[in-house]
Amino acid sequence: MEGFSPELAVVTHAGGVELEEPLAIRPTSETVVGELYAKWVQSYRDLPLLYNQWCNVVRWEMRTRPFLRTTEFLWQEGHTAHATEEEARFEVRQMLDVYATFAEEFAAVPVIRGEKTEGERFAGAVQTLTIEAMMRDGKALQSGTSHYLGQNFAKAFDIKFNDVNNEQAFAHTTSWGLSTRMIGAIIMAHGDDAGLILPPKLAPTQVVVVPMGRSNDEAGRARVAAEVDRLAGELRRAGVRVHVDARDANPGAKFYEWEQKGVPLRVEIGPKDLDAGTALVKDRLGTDKTAVPLDGLVAYLVEALPAFHDRLYARARTFREERTVEAHTFEELVAGVERGFVIATHCGDPESERAIQEATKATVRCIPLEGVSAEGTPCVHTGRPSGYANKVVFGRAY
RNA sequence: CGGGGCGUAGCGCAGCCUGGUAGCGCACAUCGUUCGGGACGAUGGGGUCGGAGGUUCGAAUCCUCUCGCCCCGACCA
């Protein structure tokens, strides 16, 4: 698609020779899918059609950023074709909600669901929905998108079908994607100076157990090892991803290492704990260690994981709220985007949007689906009436 | 493509201005002491100073060329 032409990577040589016909590396698969759909779709009975794939795509950006903008990235992209606009739009909204649910309930990253403005919309789309997250530096990250393509792509690729009345009609298509950028979102929405903080549902290791005790106290170590084995076994049976770090290294060094890796919960068990019938539990968000009786430890940890998720989510959400302000003047907008998001009325004029970006580095991240009504309020920039039902979210973005 | 910066031990850096044949921290090895928040001591191993050419009695250091990397800006999920 021409909207992508500047970022297309083109293969000119292969097999040691120059190709007669250059090969474009897909930046997204709309064209591939469009051609297939044109062949597959004959009748309204063939619809709706949904095709999902995980693949790598290449976009030749001028500047890359680890996880957030890489030349090549893995993503999931879905493409659907429908007989009616209503059905297609339902799909678009449904997938946005799937992404939002994943972000919030699995990654613990709070997101704002919204619509992109004309200027930020996917090339060729009638409507682009987005989930926008705030990173710890106050910048926005578009974390997933869902597009209603109208009949634009159907017309371009000739995706036609016979409807119930045996009349030819163009399909309404959608596409939606979520990429490895989400990993960046998790890192940058939760991480702190000590390293990663991983959401329990996605953490490869949810609980790390560190056996304590002196290396020359063989009897003590054996007692501890037996208890740690028992505990780890029980946790695994309870469905917890647990790792036992029995390396011969200083405990403090192990603590820092696992904290850096973002493991949500840590258990320390040593001879003293065995004598007391307890273990020390510490989580990645807190500073205190809690002594928990050994006989209730598994249940404690099993419950602590979802609780940790909730706290992580709440923390990110509070952070975002504290860095979100509502602006009524341009000065407030300018000041607000220095720290985070700004909720304000906008006239919808792409020219105004460009001018604002020029002056502030901030863009309209989205027009929130559920937001503050803009009714009766003037544009922060032009003073004209709002171009949308709701006030928009301004922010600097990755 | 503009603007800045950096290449010296596995990693992070100093030394360069003012030439005299390379040093610090971490890591590594051995031994001992440690062991519930990144241990300590002693001893030891390890470097074509990004590359090429030049100046000089002598170049990590000065000159010329060259290669590579990073950051900022423009593009963008």
Side-chain angles (χ1 to χ4, degrees), chain A residues 1 3-9 26-30 55-77 99 103 111 116 119-123 125 128-133 135 139-147 175-185 193-195 208-218 220-221 224 245-261 266-276 278-282 284 286-291 354 357-358 361 363 365-366 396-398:
Chain A
M1 303 314 297
F4 272 111
S5 54
E7 52 202 284
L8 269 190
R26 64 181 167 205
T28 173
S29 304
E30 265 75 10
C55 64
N56 280 36
V57 290
V58 169
R59 297 183 186 176
W60 211 266
E61 308 293 351
M62 281 176 164
R63 185 110 172 265
T64 60
R65 236 174 212 290
F67 292 106
L68 304 187
R69 175 164 291 106
T70 47
T71 300
E72 180 177 15
F73 59 91
L74 172 66
W75 74 348
Q76 158 282 127
E77 57 173 314
Y99 292 153
V111 293
K116 283 295 189 187
E120 297 275 323
R121 205 177 287 156
F122 176 67
T128 290
L129 298 183
T130 177
I131 50 173
E132 297 284 328
M135 305 296 97
K139 287 172 81 171
L141 186 73
Q142 179 175 312
S143 308
T145 48
S146 184
H147 315 286
S175 68
W176 19 274
L178 183 91
S179 79
T180 40
R181 170 179 261 198
M182 196 69 207
I183 297 169
D193 289 348
V208 63
V209 180
V210 182
M212 311 300 290
R214 304 181 180 209
S215 54
N216 60 3
D217 173 16
E218 282 189 31
R221 285 171 74 88
V224 170
D245 185 356
R247 291 174 300 171
D248 182 18
N250 271 8
K254 294 182 184 178
F255 297 163
Y256 283 106
E257 184 177 325
W258 293 110
E259 281 164 11
Q260 188 172 38
K261 289 180 175 171
R266 184 181 75 226
V267 178
E268 301 170 29
I269 300 182
K272 290 183 213 164
D273 303 293
L274 260 38
D275 293 341
T278 62
L280 286 180
V281 177
K282 183 183 173 302
R284 184 59 177 77
T287 50
D288 299 336
K289 296 179 187 181
T290 309
R354 233 188 320 273
Q357 180 173 16
E358 190 84 20
K361 301 270 175 219
T363 51
R365 298 323 303 149
C366 69
R396 290 180 181 159
Y398 278 105

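Just so we're on the same page: letters track the sequence lines, and every chain starts at 1.
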- Distance in angstrom units between W60(A) CH2 and rC1(B) P, rounded: 14 Å
- Which nucleotide, in any strand shown, forms a Watson-Crick or G-U wobble pair with rC11(B), with both distances under 3.5 Å? rG25(B)
- Query: Quantified in whole Å, what is the C1' atom distance between nucleotide rA39(B) and nucleotide rC62(B)?
  - Reply: 46 Å
- Task: For rG50(B) versus rC57(B), give the span between their P atoms, rounded off to a whole number of Å.
- Result: 25 Å
- For rA52(B), the nucleotide meeting Watson-Crick or G-U wobble distances (both under 3.5 Å) is rU64(B)
- Item | rG37(B) - base-pair partner by Watson-Crick or wobble geometry, distances under 3.5 Å | none
- Note on the structure: Heavy-atom closest pair (R365(A) atom, K116(A) atom, distance to 0.1 Å) is O-NZ, 2.8 Å
- Between the side chains of H147(A) and T128(A), does any donor sit under 3.5 Å from an acceptor? yes
- Using the P atom as the reference point in each nucleotide, state the distance between rA60(B) and rC16(B) in Å, no decimals. 14 Å
- Task: Look at all strands and tell whether F73(A) reaches a base, only sugar-phosphate, or nothing, counting heavy atoms closer than 4.0 Å.
- Result: base
- Query: Contact class for Q142(A) (heavy atom, under 4.0 Å): base, sugar-phosphate, or nothing?
  - Reply: sugar-phosphate
- Task: Determine the minimum heavy-atom distance between A103(A) and V111(A), stating which atoms define it.
- Result: CB-CG1, 3.8 Å
- Determine, step by step, whether L280(A) and T290(A) satisfy the side-chain contact (heavy atoms from CB on, under 4.5 Å) criterion, reporting the C-alpha distance in whole Å, the side-chain angles of both residues, the deciding distance to 0.1 Å, and the verdict. CA-CA 5 Å; L280(A) 286 180; T290(A) 309; over 6 Å; no
- For E72(A), what residues pass the side-chain hydrogen bond (donor to acceptor under 3.5 Å, both in side chains) criterion, not counting sequence neighbours? N56(A)
- Message: On a heavy-atom basis, which atom in R59(A) and which in T28(A) lie closest, and how many Å separate them?
- Response: NH2-CB, 3.6 Å
- Item | Under 4.0 Å protein heavy-atom contacts per nucleotide of nucleotides 28-37 of chain B, with B for base, S for backbone only and - for none | ------BBBB
- Message: For a quick check of understanding: with a heavy-atom distance under 4.0 Å over all strands, which category does L68(A) fall into, base, sugar-phosphate or nothing?
- Response: base
- Taking the same atom, C1', in rC13(B) and in rU18(B), what whole-Å distance lies between them? 22 Å
- rC71(B) C1' sits how many Å from M62(A) CE, rounded? 17 Å
- rG41(B) to rG47(B) separation - P atoms, rounded to the nearest Å: 26 Å
- Message: Counting only side-chain nitrogens and oxygens, does K254(A) get under 4.0 Å of the OP1 or OP2 atom of rA39(B)?
- Response: no
- Does atom CZ of F73(A) have more than 12 heavy-atom neighbours from other groups under 6.0 Å away? yes
- Taking a pair to mean Watson-Crick or G-U wobble geometry with both distances below 3.5 Å, rU30(B) pairs with rA42(B)
- Query: Under 4.0 angstrom, heavy atoms only, what part of the nucleic acid is T363(A) near: base, sugar-phosphate, or nothing?
  - Reply: nothing
- Task: Kindly compute the distance separating CD (Q76(A)) from CE (M182(A)), expressed to the nearest 0.5 Å.
- Result: 12.5 Å
- Task: Mind calculating the distance between CZ (R354(A)) and C1' (rC75(B)) to the nearest angstrom?
- Result: 14 Å
- Message: Work out how far the C1' atom of rC24(B) is from that of rG32(B), and round it to whole angstrom.
- Response: 26 Å
- Item | Rounded C1' spacing from rG53(B) to rC67(B) in Å | 14 Å
- Item | Identity of whatever pairs with rG47(B) - Watson-Crick or G-U, under 3.5 angstrom | none
- What integer distance in Å separates Q357(A):CD from rG73(B):P? 12 Å
- Rounded to whole angstroms, how far apart are CD on E72(A) and C1' on rA77(B)? 15 Å
- Message: For rA59(B), give the paired nucleotide (Watson-Crick: N1-N3 plus N6-O4 or O6-N4; G-U: N1-O2 and O6-N3; both under 3.5 Å), or none.
- Response: none
- Task: Searching all strands shown, indicate the nucleotide that pairs with rG2(B) (Watson-Crick or G-U wobble; both distances under 3.5 Å).
- Result: rC72(B)
